[in-house]
Amino acid sequence: MLSSLQNAMVFQIYATLSRAFDRDIPASDPPSYKGVALGGTVAGAIQSLIISPVELVKIQLQLQSKTNQYNNQAASLKGPIDVTRIIFRQEGWRGIYRGLTITVLRDAHSHGLYFWAYEYTKEQLHPGCRKNGQESFQTMLIAGGLAGAVSWISCYPLDVVKTRLQAQSQSKSAKYHGIVDCFRRSMREEGHGVLWRGVGTTVGRAFLVNGAIFTAYETALRCLFNNNNNNHANVQSKNAL
């Protein structure tokens, strides 16, 4: 449910902003690739404000164990509300938004690349489809899948660091003291491979999920567009009578 709302918000912000960056382009023409990339970048940055606290709580729930930083309350934790309450009580708003900076860095550029890659790929697979809207389902699936894969590859090391920062508290005993320190210590202690651990599984999943997301999105737009055209035609027919 939350994922669906998140996607709906991101796509709506992207659709609005991609046009805002291309005011000189007629509404009948698709936004430029520059507008697509900028719209996606800003949409990703905005959604980080919501997704950062959500991912923090999710990570804390996943890491509950005897070594969890909130170990003394582990027995009483019943879900995300309890975790949020404890973090807020111990660290305030700063704790709730721990990892926001790197989440913005991860999501801003990856979403810009995400939407750009989709628009570019589908145009290459089906020339002219950006304007006529006649891309096939196969084109949507492949373009969406590649967009998801490329965006995750581009931001995967940032996601690894974000997860590590959000898995700890902001106390003096924290292992990592900032983004750069986390990068340096992780690579020094575990090698460069640590930044890419599990990337294959993530990219494979991203290909399937985002292929389905873009296909559903484009199909929904077609249905809405066709319904609006039909309603407009019916109104014109009634007026003619």
Side-chain angles (χ1 to χ4, degrees), residues 2-7 9-11 13-14 33 36-63 97-122 124 140-168 170 174-215 217:
L2 181 60
S3 179
S4 298
L5 291 174
Q6 174 197 345
N7 286 325
M9 179 190 72
V10 169
F11 274 80
I13 295 174
Y14 155 73
Y33 289 126
V36 167
L38 290 175
T41 298
V42 178
I46 292 174
Q47 71 109 33
S48 298
L49 298 174
I50 298 174
I51 203 65
S52 180
V54 172
E55 291 191 349
L56 171 67
V57 172
K58 181 185 71 173
I59 289 170
Q60 290 298 323
L61 283 171
Q62 291 174 337
L63 293 178
Y97 276 96
R98 185 193 325 144
L100 175 61
T101 300
I102 195 165
T103 303
V104 172
L105 291 175
R106 180 196 69 174
D107 290 352
H109 94 273
S110 65
H111 277 73
L113 183 59
Y114 178 63
F115 287 105
W116 178 89
Y118 175 73
E119 294 291 331
Y120 179 81
T121 302
K122 76 173 186 178
Q124 298 304 307
M140 297 178 202
L141 286 168
I142 295 175
L146 288 175
V150 168
S151 67
W152 263 108
I153 291 173
S154 74
C155 72
Y156 197 79
L158 291 173
D159 184 68
V160 171
V161 172
K162 181 198 74 70
T163 299
R164 294 191 168 204
L165 290 174
Q166 289 188 325
Q168 64 179 9
Q170 290 183 324
K175 182 177 181 180
Y176 307 112
H177 302 286
I179 297 172
V180 175
D181 181 59
C182 186
F183 265 112
R184 289 175 176 172
R185 294 194 62 174
S186 296
M187 289 189 291
R188 183 171 65 246
E189 296 173 4
E190 302 175 60
H192 290 78
V194 68
L195 299 178
W196 300 98
R197 189 178 298 161
V199 66
T201 301
T202 300
V203 170
R205 176 182 176 277
F207 187 93
L208 296 175
V209 170
N210 289 283
I213 287 175
F214 269 109
T215 301
Y217 173 71

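Scope of the values below: all heavy atoms of this structure, side chains included, with no hydrogens, waters or symmetry mates.
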- Message: Out of the candidates V10, V42, T41, only one should pair with H111 under the side chain to side chain contact (heavy atoms under 4.5 Å, CB included) rule; please name it.
- Response: V10
- Message: With salt bridge (charged side-chain N to carboxylate O under 4.0 Å, His left out) as the rule and sequence neighbours excluded, what pairs involving residues 147-159 come up?
- Response: R106-D159
- Message: Going by side chain to side chain contact (heavy atoms under 4.5 Å, CB included), name the residues that satisfy it together with A37, two or more places apart in sequence or in a different chain.
- Response: W116
- Item | Pairs touching residues 142-156 that satisfy side-chain hydrogen bond (donor to acceptor under 3.5 Å, both in side chains), sequence neighbours left out | H109-S154
- Message: Applying side chain to side chain contact (heavy atoms under 4.5 Å, CB included), can you list everything that pairs with I179, at least two apart in sequence or on another chain?
- Response: T101, I102, L105, V161, L165, F183
- Item | For K58, salt bridge (Lys or Arg N to Asp or Glu O under 4.0 Å) partners two or more places apart | none
- Check side chain to side chain contact (heavy atoms under 4.5 Å, CB included) between I13 and all other residues, then give those that pass, not counting sequence neighbours. M9, L17, A43, I46
When the side chains of residues 199-206 are checked against the rest of the protein, which donor-acceptor pairs come out under 3.5 Å, sequence neighbours left out?
from: T202; atom 1: OG1; to: G198; atom 2: O; distance (Å): 3.2

- Message: With a 3.5 Å distance limit and no angle check, can you tell me whether Q6 reaches the backbone of I50 through a side-chain donor-acceptor pair?
- Response: no
- Message: Among residues at least two apart in sequence or on other chains, which ones pass side chain to side chain contact (heavy atoms under 4.5 Å, CB included) with V57?
- Response: L61, P80, V83, T84
- Does S52 reach the side chain of Q166, with side-chain heavy atoms less than 4.5 Å apart? yes
- Task: Could you go through the side chain to side chain contact (heavy atoms under 4.5 Å, CB included) check for L146 and Y118 one step at a time?
- Result: CA-CA 7 Å; L146 288 175; Y118 175 73; over 6 Å; no
- Shortest non-hydrogen pair, V104 vs A45, comes out as CG1-CB, 4.2 Å
- Can you name the side-chain hydrogen bond (donor to acceptor under 3.5 Å, both in side chains) partners of S48, sequence neighbours left out? D107
- Message: Can you list everything that forms a salt bridge (Lys or Arg N to Asp or Glu O under 4.0 Å) with K162? Sequence neighbours excluded, please.
- Response: E55
- Test side chain to side chain contact (heavy atoms under 4.5 Å, CB included) on V36 and Y14 and set out the steps. CA-CA 8 Å; V36 167; Y14 155 73; 3.5 Å; yes
- Task: Decide side chain to side chain contact (heavy atoms under 4.5 Å, CB included) for N210 and I213; before the verdict, give the C-alpha distance in whole Å, the side-chain angles of both, and the deciding distance to 0.1 Å.
- Result: CA-CA 5 Å; N210 289 283; I213 287 175; 4.0 Å; yes
- Quick note, side-chain hydrogen bond (donor to acceptor under 3.5 Å, both in side chains) partners involving residues 187-196, not counting sequence neighbours, are R164-E190, K175-E189, R185-E189, E190-R197
- Message: Tell me every residue that passes ring pair (Phe, Tyr, Trp, His ring centres under 6.0 Å) with F11, counting only those two or more places apart in sequence or in another chain.
- Response: F115, F214, Y217
